[in-house]
Amino acid sequence: MSDKQKVVAILPSRIESSRLPRKALLDICGLPMIVHVFKRCLLAKKLDEVYVATDSNEIKEVVEKYGGKAIMTSSEHQTGTDRIAEASNNLDAEIIVNVQGDEALVNPQYIDKVVNELQENPDINVAILVNPYFKKNSPSDIKVVLNNNNDVLYLSRSDIPSNSRTKCPSSLKAYHIVPFRKEFLLEFTQWEKGTLEQIEFNEYLRILEHGHRIRAVHVESDVVSVDTADDLEYVRKKMHSDPFLKKYMSTRL
């Protein structure tokens with residue numbers, strides 16, 4: 001069953017960023033950030049194709065210069081999920097994987113792991129990676145709580161579960177590699193924004209508010225999305241010792 005499902009990764013990427021302008025094209029160890037992301041995705045065994053979805057001709061040109069594929073999309077999208085939904089319309093695939101364009105250290109093995117959850121469980125329409133998390137008071141990081149079946153109960157920019165009664169409770173953070181069944185992706189992105197989504201600024205809450213499941217897949221990771229100058233410096237330092245870097249720096253995948 002799993003071998004028959006075509007899997008395509010789409011990387012939403014825009015040129016504008018309020019906290020870190022033009023971050024998609026910032027240099028990390030000799031390559032623009034978005035190039036690191038798509039080349040690492042090409043190392044994932046479960047992915048049949050990889051595309052960058054963007055509204056920027058400049059990003060498109062850079063991606064194609066390094067041998068990647070890009071799809072131009074509207075500049076009106078408010079979320080990366082909306083952007084990949086548009087890009088997926090004309091693609092032949094059963095599973096669409098949202099890999100954020102600022103995940104410069106994305107682990108291709110973890111992409112395979114979360115995709116496998118959909119391939120092996122036909123009743124699951126969407127999944128997300130989660131990893132242990134210890135930082136506090138960081139609203140840019142999405143925290144997650146789960147039920148006993150590893151389905152997401154809630155996602156928040158606040159620290160959850162609360163530490164008001166229990167000192168330093170263990171917590172989980174969303175690692176934004178999110179595979180969708182294509183039909184479900186196209187359906188959910190047409191729904192009206194939910195109340196919780198508008199409070200937390202996280203579109204995945206729309207899925208929970210409509211009574212659908214998001215399956216969580218656990219991994220161990222200390223990577224960060226590049227949202228700030230500090231994040232960029234952290235990623236640049238870690239990239240030097242990254243085990244996947246040599247696999248794509250020497251080839252034009």
(message) Do Y51 and V7 land in one hydrophobic cluster if side-chain heavy atoms of ILVMFWY residues count as linked below 4.5 Å?
(response) no
(message) I'd like to know if V152 and V115 are part of one continuous hydrophobic network [Ile/Leu/Val/Met/Phe/Trp/Tyr, side-chain heavy atoms within less than 4.5 Å].
(response) no
Main-chain N/O of [Y] paired with [X] side-chain donor or acceptor, under 3.5 Å:
X	Y	value
S74	E76	yes
D242	F244	yes
R213	L208	no
E94	K6	yes
K143	D141	yes
Q100	I177	no
N163	K167	no
N121	D123	no

Run the salt-bridge test on [X] and [Y] with the 4.0 Å N-O cut-off and return the result as yes or no.
X	Y	answer
E64	K60	yes
D159	K135	no
R14	D55	no

Tell me whether the count of non-hydrogen atoms from other residues, nucleotides or ligands lying under 6.0 Å of [atom1] in [X] goes above 12.
X	atom1	result
N89	CG	yes
E183	CD	no
K237	NZ	no

(request) Determine the interplanar angle of the F188 and F180 rings, folded into 0 to 90°, and report it as parallel if under 30°, tilted if 30 to 60°, perpendicular if over 60°. (result) parallel
(request) Among I10, L186, T81, V126, find the residue that satisfies the side-chain contact (heavy atoms from CB on, under 4.5 Å) test when tested with I96. (result) I10
